[in-house]
Structures are given as structure tokens and as C-alpha cells.
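Read through the structure below, which is laid out as C-alpha cells, and then see the notes.
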Amino acid sequence: MEVIMAIAIGFLFMAAVYLMLSKSLLRIIIGTGLLSHGAHLLILTMGGLGGSAPPVLSEGVTNMADAIPQALILTAIVISFGVTAFFLVLAYRAYQELGTDDMNLMRGTDEDDE
Amino acid sequence: MTINLAIVIPFLMAILIPILYRRFTKLHIGWLVLAVPVIIFIMLVRLIPFVAEGHTYSHTYNWIPSLDINFTTYLDGLSMIFGLLITGVGSLVILYSIFYLSAKESLQHFYCYLLLFMGAMLGVVFSDNLMVLYAFWELTSVSSFLLIAFWHHRKASRAGAQKAMLITVTGGVSMLVGFIMLHMMTGSYSVHEIIRNVSQFTDHQLFVPAMILILFGAFTKSAQFPFHIWLPDAMEAPTPVSAYLHSATMVKAGIYLVARLTPIFGGDAIWFWLVTVAGLVTLFWGSFNAVKQTDLKALLAFSTVSQLGLIMSLFGMGSVAFKLGYSDSTIIYTQATFAALFHLVNHSTFKGALFMMVGIVDHELGTRDVRRLGGLMSLMPLTFTVAVIGSLSMAGMPPFNGFLSKEMFFAAAIHMRDLDIFSISSIGILFPVVAWVASIFTFVYCMIIIFKTFFGKPYEKSEGKPIHEAPIGMLVSPIILCVFVVGIFIFPNVLGQYILKPAMASIYPGFAPAEVLTPKIHAWHGINMELLMTIGVVIVGVMLYRKLKTWKPVYRLFPYRFSFNELFRHLLEGLESGSNKVTTSYMTGSLRKYVLYIYLFFIVAVGGYFLFSGGFAYSSANDAPVEIYELMLIIVMLLAGISMLFVKSRLTATLLNGVIGFGVSIFFVIFRAPDLALTQLIVESVTTVLFLLCFSFLPEWKREDSPKSVKISNAVIAGAVGALVVVMSFAVMYYDEFDSISSYFENAYELAGGANIVNTILGDFRGFDTMLEVVVLFIAGLGVYTLIKLKARKEDTDNEN
């Protein structure tokens with residue numbers, strides 16, 4: 001199962017990177033979302049997929065899933081949600097101000113700062 | 001212990017000044033500051049008799065003993081001279097500045113920087129540990145930068161400060177490398193330990209590189225040719241600063257270092273040649289260029305450069321004694337070092353007085369241009385007296401202290417002729433010749449100071465206000481210095497016995513008894529070569545001065561384009577435009593490029609590592625079994641992921657993203673992570689709604705119309721990243737060098753009182769992480785809020801940019 005998961009994660013990453021390299025802001029945002037999905041699965045897979053019970057202590061349970069990756073992912077999910085929300089609003093504001101979501105047109109240069 | 005205090009007091013005061021400044025409204029804050037150097041000066045003076053008997057004081061405060069870096073203060077004869085100069089001249093300069101700077105200037109800054117400088121300078125001369133010395137050394141550069149740029153509204157001040165900073169700090173860094181090399185050779189940062197053991201290391205391959213790097217630092221600090229260019233520009237500083245930093249103290253830090261390290265490197269031919277030749281060239285070039293200056297301060301700056309060269313060359317000549325070893329016939333060469341120390345003190349007295357004199361002229365008349373000045377003798381008699389005493393002493397005329405040390409300089413240069421080591425014999429005659437020629441130019445510019453300023457056509461002030469003598473407060477300091485100028489001439493041996501003798505002992509440790517090294521200084525020693533040289537200087541000097549107009553065109557032979565100043569400017573501009581070009585070539589402002597850099601680096605670094613380290617491993621022994629529903633789920637997710645790249649509408653893209661998100665949460669269920677599954681479900685729902693909400697404000701999903709080549713390269717990069725992630729996850733999964741640390745958390749009930757291990761990790765074991773995560777969310781929320789709210793005040797924000 002781990003092998004299949006790893007390959008699936010690779011595909012998710014590939015799609016995410018491809019989206020992030022495009023020039024439409026919306027695609028980039030969706031790309032980052034995809035990237036975090038991939039990363040979550042990656043962390044989970046890294047910890048091993050064995051374990052027949054959730055990591056909750058109770059009588060008679062010996063073979064639990066690894067708790068550390070789960071704790072990490074829980075944090076990561078929340079953070080990635082925050083980032084996505086912020087990105088979306090940023091895109092919305094940028095589009096309102098500049099009238100475009102084409103990253104090739106949105107490049108800031110030193111001249112703008114002065 | 002006293003010495004530690006001496007270093008600490010100025011720093012403490014520098015901190016207190018900005019606080020005390022507000023309370024000192026009636027009295028000039030300078031009076032308070034004046035107490036600092038006076039107290040330290042008195043503390044040092046009380047130690048003179050003990051130091052003169054050969055006592056040294058050392059105190060160590062452990063700072064980083066594991067790195068051999070400790071605050072070790074060391075007071076011996078050499079550091080005593082510098083300590084006295086720093087605090088003595090410092091007191092006079094502060095006294096002078098009280099009258100020179102009006103209360104309208106930001107005095108709290110001025111005195112804060114000045115005290116900072118004073119403390120740093122005392123730190124340099126009293127530190128035995130090379131690393132601590134280096135730290136103080138750089139602090140002098142920084143504080144002198146602040147002082148030169150004190151009038152920071154003036155462009156020339158800023159430029160001068162920048163130049164001084166760049167040159168001295170470059171030297172400082174090279175010096176640091178030299179110190180580290182010394183440590184690598186000797187295993188010690190303590191100067192005295194190194195001096196004790198140096199004979200074992202003279203053949204070490206790092207010995208010469210370390211020497212050259214350290215000398216580079218000393219030469220830049222002491223404005224030796226060709227690094228002297230910063231000193232004239234630094235004259236933009238207020239005159240008290242010039243009088244203090246650029247005549248008596250900071251520029252002498254380099255000289256101190258050379259003197260201090262002479263016992264280490266002195267026996268080497270390269271040291272002799274570098275120090276002596278750099279000194280002599282600087283001596284000549286400085287005096288030659290001083291003559292053509294029209295600004296009195298610039299003239300003094302070049303004269304300082306030249307005098308520093310003189311002192312430097314004397315230290316070089318004195319180092320010969322190390323090569324020859326101690327005998328009755330070689331003792332004569334140590335006299336060069338004696339002359340160097342003697343002139344060091346003399347130079348501080350007369351040059352300090354001269355700088356203050358120029359400051360007075362500038363202050364009263366508003367100009368320092370010799371072409372406009374003249375006839376001030378009757379109007380400012382006291383200032384005139386100071387100028388005459390200072391200038392004649394600098395020119396090496398009796399009855400002033402400059403005469404004595406100049407004669408000794410000539411004597412030392414003449415002795416060089418007889419030397420037959422270092423293959424000197426063929427060019428030995430050049431030493432006295434260069435010394436003599438440079439002295440002639442020195443004489444000429446001293447005449448310029450006296451005659452062009454105080455004789456001739458009277459100066460007319462444009463406003464017609466009468467010119468009068470400076471207030472007595474400004475005159476006190478230069479007059480005290482002049483008293484020293486004359487006093488040292490009359491009683492040179494007092495200085496010699498009490499101050500110079502112990503310093504000789506610290507430069508030539510264990511060489512000969514200090515009494516033997518210290519000659520009796522006589523003003524009159526019969527008609528000999530030195531005296532004839534001085535008479536020759538006067539005759540030729542007067543002639544040259546009278547014919548100044550006829551030979552001055554000689555300066556036009558050196559086009560400005562080829563001067564070191566221009567070279568420096570070109571270098572700086574080239575660096576600036578060059579680095580600008582490099583930066584703009586990759587910082588294009590295109591997001592795609594930046595993302596590309598990140599992933600390319602990822603591919604090269606991580607991929608390269610896997611390629612060469614063989615970190616890849618694979619075994620399917622412990623794999624969980626594959627269930628059919630899992631396979632189906634993966635296929636669904638992959639289909640969603642891949643098709644996302646080709647969809648036509650943003651709605652579809654969002655829904656596909658949702659599909660993947662929910663797929664992930666189902667995986668969480670499958671892999672026994674109920675908490676994650678719940679969180680993921682909620683977050684995914686909210687995200688999808690958020691996307692849909694934003695769509696009404698965002699543009700339509702357009703087809704990517706990038707050129708084919710761009711798309712292909714994107715695809716290649718994306719593919720490579722994907723493949724690398726697969727490799728990486730394999731490597732991690734099948735890495736079995738360490739045991740998992742999870743078992744620690746399985747004790748959660750006892751450690752944290754909770755049965756749900758994930759919850760206890762988040763809420764207890766890693767509670768701070770969770771708290772900061774909340775902070776991150778809060779900041780993101782704040783960002784979202786302000787981004788939306790900012791719209792209302794669009795006009796304002798536009799203006800702020």
C-alpha cells in the first residue's frame with residue numbers, strides 16, 4: 001500500500017507544481033491547495049500505514065497507528081486553510097486593484113517603490 | 001582592575017548621555033562628559049611611576065573560554081602611551097568642543113558617539129586578546145563613521161564617512177583573518193603568549209600571509225599609501241573630531257598594532273620592507289600633496305598622512321634590531337623605534353593644536369581657504385602664536401619637540417645606509433634622501449599655514465563684522481598642547497624615562513635592559529649629519545616656498561583621472577552597477593521564475609543528494625496490505641488531480657479540488673486517524689465555499705495561452721518534482737537506522753492525562769506549537785480583514801506609497 005500511496009502522492013505533487021507554474025493566480029492558489037493535500041498524505045505515509053486502531057488509549061489495544069504524523073498533519077491542515085483563505089482574498093484584492101490575474105502582468109519592479 | 005574600569009566608564013557614560021541630556025538644560029552637557037577622560041587620565045597618571053619601573057597590570061575576565069576568547073586587559077608601557085594620549089587629548093578636545101559646538105547641535109548624539117569611540121579606542125590599546133581587540137577595532141570604525149557623518153545633512157559628510165568606513169572595515173576584516181591565522185599557528189589569541197612562543201612559528205606557512213593580512217588592516221586604519229584617500233575626505237567631520245580621531249587616536253590604532261606586533265613579526269624581512277617602504281612612500285606622498293591643498297584642513301589631513309608614514313617607517317626600521325639580535329652595535333637600530341614613539345607623542349601635541357587652530361579660524365571667519373585668508377596676525381594674536389608653535393614643531397624647528405624627533409628620524413634613516421642585511425646596501429642611500437625630500441615639503445606646507453593665513457593682505461569678511469580673537473575657552477586646549485610642545489623640548493628626558501622607556505621594554509621584550517634601550521635625548525649634539533640635513537631643509541624649503549608659483553604646475557602632471565580617489569570611485573561604482581546587473585538578471589519580478597528557482601533548487605539539491613549518496617532504499621516487507629477500496633479511492637483522486645490540469649471552468653476545478661480533499665479525509669478514516677478526518681472534512685467544506693464565494697469577484701478561468709515551450713518546461717519540472725517526492729518518500733519510509741519516537745507518546749495517559757494521543761500531543765506535549773498556530777491563524781485572519789477593509793481608504797494609501 002505504501003508504494004501505491006507514494007506514487008499517488010508524486011502525482012499530486014506533479015499536478016500541484018504544474019499549476020503553480022502557470023500564470024493565472026487562481027490556478028496558483030488551487031495548486032497550493034493541492035500541494036498541501038499531497039504533503040499531508042506524504043506525512044501520513046512516511047509514518048507507516050500499519051496499525052489497526054486509532055491512537056487512542058484503551059483496554060486491549062496494542063497495535064495503534066502512529067500518533068505523531070497525525071498531530072503534525074492536524075496542525076498543517078489548519079495552517080494550510082489559513083494560507084488558502086489569505087491567498088484568495090489577496091487574489092481578490094489584486095484583481096480589484098489591477099484588473100488582471102495574469103502573473104506576467106503583475107510583476108512589481110523597483111520603479112514602483114519610489 | 002583600574003584598566004577594566006577605564007574601558008567600561010566611557011561606554012556607561014555613552015549610555016547615560018541621552019538620558020541625562022534632557023535634564024541638562026542650563027549647562028552644556030560637555031562639562032559632564034569632560035569628567036570621563038579626565039578621571040581616566042588621572043587614574044592612568046597615578047600608575048605611571050609603577051609602569052616606569054617595569055610593572056605590568058593584567059586582569060582577565062572569562063568571556064568565552066571554550067573559544068579562548070577572554071576579556072584580558074593588559075597595561076604596559078606601550079598601552080600606557082596610547083592610553084594617556086587617548087584620554088589626555090580626549091579631555092582637551094572635549095573642552096574645546098564645548099565652545100566649538102553651539103548648544104543647537106544635537107549634542108547628545110555627538111558626545112554619545114565620542115564616548116563610544118573613546119571606550120573602543122581604550123579597548124583596542126588595553127586588550128590582550130586579539131579577538132576582543134578586533135571587536136573594539138571595528139567599533140572605532142563604526143563610531144568614527146558616526147562622528148564623521150555628524151553633520152549628516154551634508155552630502156560630503158556622508159560620502160566621507162562612507163569612504164572611511166569602507167576602507168577601514170575592509171582592512172579590519174582582513175586583519176581578522178590574519179588574527180585567526182595567528183591562532184591556527186600558535187593556538188592562542190593572547191598577544192603576550194604569542195610573543196613568548198613566536199620563535200617556534202616563524203617558519204610556519206601561515207606566518208607570512210597572516211603578517212600581510214594584519215598589516216593590511218593596520219595600513220588602512222593608519223591611512224598609509226595608497227589607502228590614505230579616506231583621511232582627507234574624513235575632514236568633513238566637525239573640527240574637534242578631526243583633532244581627536246584624525247590626529248591623535250584612531251589613525252594611530254594602526255601604528256599601535258604595528259608596534260604591538262613588532263615582537264612577533266619584527267625579525268622578518270617582509271615585515272621590514274612592507275612597513276618601512278609603505279611608511280616612507282606615505283611620508284613623501286602625503287607631504288608632497290599637502291603643499292597643493294588650499295583648504296587648511298585638507299592640508300592638515302595630508303600632513304597627518306605624511307607624519308603617520310614617518311612614524312610607520314621608523315617602526316619598520318626599528319624592527320631590524322630583531323633580525324640582528326642584541327649586541328652593542330645593533331642597539332643603534334632600536335633608536336628608530338624610540339624615535340617613533342617619541343614622534344608619536346609629539347605629533348599628537350602639535351597636530352592637535354594645529355587642528356584646533358584651524359577650527360578657531362574656521363569658526364571665527366567661516367572659511368578655511370588659504371586663498372582667501374590673510375593678515376590675521378594682529379587680529380588673532382593668540383591663535384597666531386598657536387599656529388607658529390605648532391607649525392614650526394611640525395617642520396622640525398627648534399625650540400620645539402618636533403625638532404628632537406625629526407633629528408632622531410634623520411639619524412635613524414642615516415643608520416639604515418650602513419645596514420647590509422635584507423640586501424639594503426645598494427639602495428640604502430634612498431632612506432635618508434626620501435626622508436630629507438619629504439621634510440622639505442613638510443617645511444613648505446608649514447610655511448603655507450603660517451604665512452598664507454596670518455600674513456599678507458588682510459581678510460575681508462563679507463558681512464563687515466569685525467574679526468576678533470576666539471573666546472578663551474577655545475584657546476585653552478591648543479595653548480595647553482603648545483605648552484607641551486615647548487615643555488617636551490626643554491625636558492625631553494622626563495618623557496623619555498617615564499613614558500617611553502617602559503614602552504621600549506614592551507616592544508623589545510627580553511632584548512636588552514630598558515635603560516640601554518632608552519637614549520638620553522639632547523637638543524644639541526654638535527654639528528653632525530642630522531643637523532646639516534635640517535639646515536638644508538630650511539634653506540631649500542624657504543627657496544621652494546618663495547618660488548611656489550613657478551613650480552606649482554608640477555601638480556597638474558598628475559591627472560585627476562588616475563588618482564587613487566578616482567580609482568576608488570570607479571571601483572565602487574563598478575561594484576554597484578555590477579551587482580545591480582546580477583540581481584536584476586534573476587530578480588525579474590515574475591512569480592513563475594521565482595517558483596521555478598525554488599523547485600529547480602529542490603531538484604538539484606535533493607535529487608543530487610540522492611544521486612550521489614545512495615540514500616534510496618526499498619523493501620516491501622512491512623507494507624500494509626492493499627485493499628481494493630483503497631485502490632479505487634486512489635484512482636478517483638488521481639483522475640481528479642490530473643484532470644484538474646485540463647478543465648475548462650473554475651467551478652469544475654474547485655469541485656475537483658474538493659474531490660481530492662474529501663478523498664484525503666476518507667484516507668484519514670481508513671488509516672485510523674479520526675481526528676484528522678473530522679478536521680479535514682470541515683476545512684475542506686469551508687474552503688470549497690470560500691472558493692465559490694470568491695468566484696463572484698474573480699475573473700473567469702482562462703485557457704493558459706503560454707507558448708508551447710513554456711508549458712513543456714513546466715511539465716518537465718513538475719514531473720521531476722513529483723518523481724523526486726516519490727523517491728523521497730521511499731527513502732524515508734524504508735529508513736531504519738533510528739527507532740521511532742512514538743512510543744514515548746504512548747505513555748500519554750500518565751504524562752498528560754489524556755487517552756487520545758493526538759489530542760495530548762497538540763494540547764499538552766506541543767502546547768506552544770498549537771498556541772502559535774492559533775496566532776498564525778489570527779494573523780491570517782487579520783490579513784484577510786485588512787485586505788478587504790483597505791479598499792475603503794484607497795486614496796490615502798496611494799499617496800503613502
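Here is how names work: the chains are called A, B, and so on, in the same order as the sequence lines, proteins then strands, and each is numbered from 1.
Closest non-hydrogen pair, C694(B) versus L88(A), comes out as SG-CB, 3.9 Å. Between A71(A) and L762(B), the shortest heavy-atom distance links the atoms O-CD2, 3.7 Å. Of all heavy-atom pairs spanning G82(A) and A780(B), the tightest one is O-CB, 4.0 Å. Taking both residues in full, the closest heavy atoms of V78(A) and E773(B) are given as CB-OE2, 3.1 Å, listed atom of the first, atom of the second, then distance. Among all heavy-atom pairs drawn from G10(A) and V726(B), the shortest one is CA-CG2, 3.5 Å. Nearest heavy-atom pair across I757(B) and A67(A) is CG2-CB, 3.4 Å.
Considering only heavy-atom pairs separated by less than 4.5 Å from chain B, the leading option among V83(A), L34(A), L12(A) is L34(A). Across G38(A), S22(A), A16(A), the residue that shares the most heavy-atom pairs under 4.5 angstrom with chain B is S22(A). When each of G661(B), S743(B), G663(B), A723(B) is scored by its heavy-atom pairs under 4.5 Å with chain A, the top score falls to G661(B). For the set V710(B), T679(B), L645(B), the count of heavy-atom pairs under 4.5 angstrom toward chain A peaks at L645(B). In terms of heavy-atom pairs under 4.5 Å with chain A, the best-connected choice from A640(B), G641(B), A715(B) is A715(B). By number of non-hydrogen pairs under 4.5 angstrom with chain A, the leading residue of D769(B), V721(B), I660(B) is I660(B). Among the candidates Y749(B), F765(B), F691(B), F668(B), the residue making the largest number of heavy-atom pairs closer than 4.5 Å to chain A is F691(B). Ranked by non-hydrogen atom pairs under 4.5 Å with chain A, the options E627(B), R592(B), M733(B) are led by M733(B).
The shortest side-chain heavy-atom distance between M728(B) and I9(A) does not fall under the 4.5 Å cut-off. Here the side chains of E630(B) and I4(A) are not in contact, with every heavy-atom distance at 4.5 Å or above. Counting heavy atoms from C-beta outward, L724(B) and F13(A) have side chains that stay 4.5 Å or more apart. Annotation: side chain of Q680(B) is in contact with side chain of H37(A) (closest heavy-atom distance under 4.5 Å). The closest side-chain heavy-atom distance from T45(A) to S729(B) is not below 4.5 Å. For the pair M14(A)/V725(B), no side-chain contact is recorded, criterion being any heavy-atom separation below 4.5 Å from C-beta on. Contact annotation: the side chain of Q70(A) never approaches that of I761(B) to less than 4.5 Å [non-hydrogen atoms, C-beta and beyond].
The CD1 atom of I77(A) lies 5.0 Å from the CG atom of L676(B); values are rounded to the nearest 0.5 Å. Taken from OH in Y92(A) to CD1 in I788(B), the straight-line distance is 6.0 Å, to the nearest 0.5 Å. Interatomic distance, CD1 of I30(A) versus CE of M644(B), reported as 6.0 Å (0.5 Å rounding). With rounding to the nearest 0.5 Å, the separation of CZ in R766(B) from CG in L74(A) is 14.0 Å. Note that CG of L57(A) and CG of N756(B) are 8.5 Å apart. Values are rounded to the nearest 0.5 Å. To the nearest 0.5 angstrom, L21(A) atom CG is 7.5 Å from Y599(B) atom OH.
Looking at I43(A), neither its backbone nor its side chain comes within 4.5 Å of chain B, counting heavy atoms on both sides. Heavy-atom distances place the side chain of F745(B), and not its backbone, under 4.5 Å from chain A. At a 4.5 Å heavy-atom cutoff, the contact between I634(B) and chain A is made by side-chain atoms alone. Of the atoms belonging to L596(B), heavy atoms from both backbone and side chain fall under 4.5 Å from chain A. For chain A, the nearby parts of K711(B) are the backbone and the side chain; heavy atoms of each come within less than 4.5 Å. When heavy atoms are compared at a cutoff of 4.5 Å, V758(B) approaches chain A by way of both its backbone and its side chain. Only the side chain of L41(A) has a heavy atom closer than 4.5 Å to any heavy atom of chain B. Contacts of Y18(A) with chain B are made by both backbone and side-chain atoms, with heavy-atom separations under 4.5 Å. At a 4.5 Å heavy-atom cutoff, the contact between A53(A) and chain B is made by backbone atoms alone. Neither the backbone nor the side chain of A720(B) comes within contact range of chain A, judged by heavy atoms closer than 4.5 Å. Of the two parts of I741(B), the backbone and the side chain both hold a non-hydrogen atom closer than 4.5 Å to a non-hydrogen atom of chain A. Proximity to chain B is absent for every atom of L25(A), based on heavy atoms less than 4.5 angstrom apart. In this structure, chain A has a heavy atom under 4.5 Å from the side chain of L777(B), while its backbone stays farther away. Both the backbone and the side chain of E746(B) come within less than 4.5 Å of a heavy atom of chain A.
More than 12 heavy-atom neighbours from other residues, nucleotides or ligands sit within 6.0 angstrom of CZ on F662(B). Within a 6.0 Å sphere centred on OH of Y597(B), other residues, nucleotides and ligands contribute more than 12 heavy atoms. Applying the 6.0 Å contact sphere to OH of Y629(B) captures more than 12 heavy atoms from other residues, nucleotides or ligands.
Side-chain atoms of R672(B) do not come within 3.5 Å of backbone N or O of A65(A) as any donor-acceptor pair.
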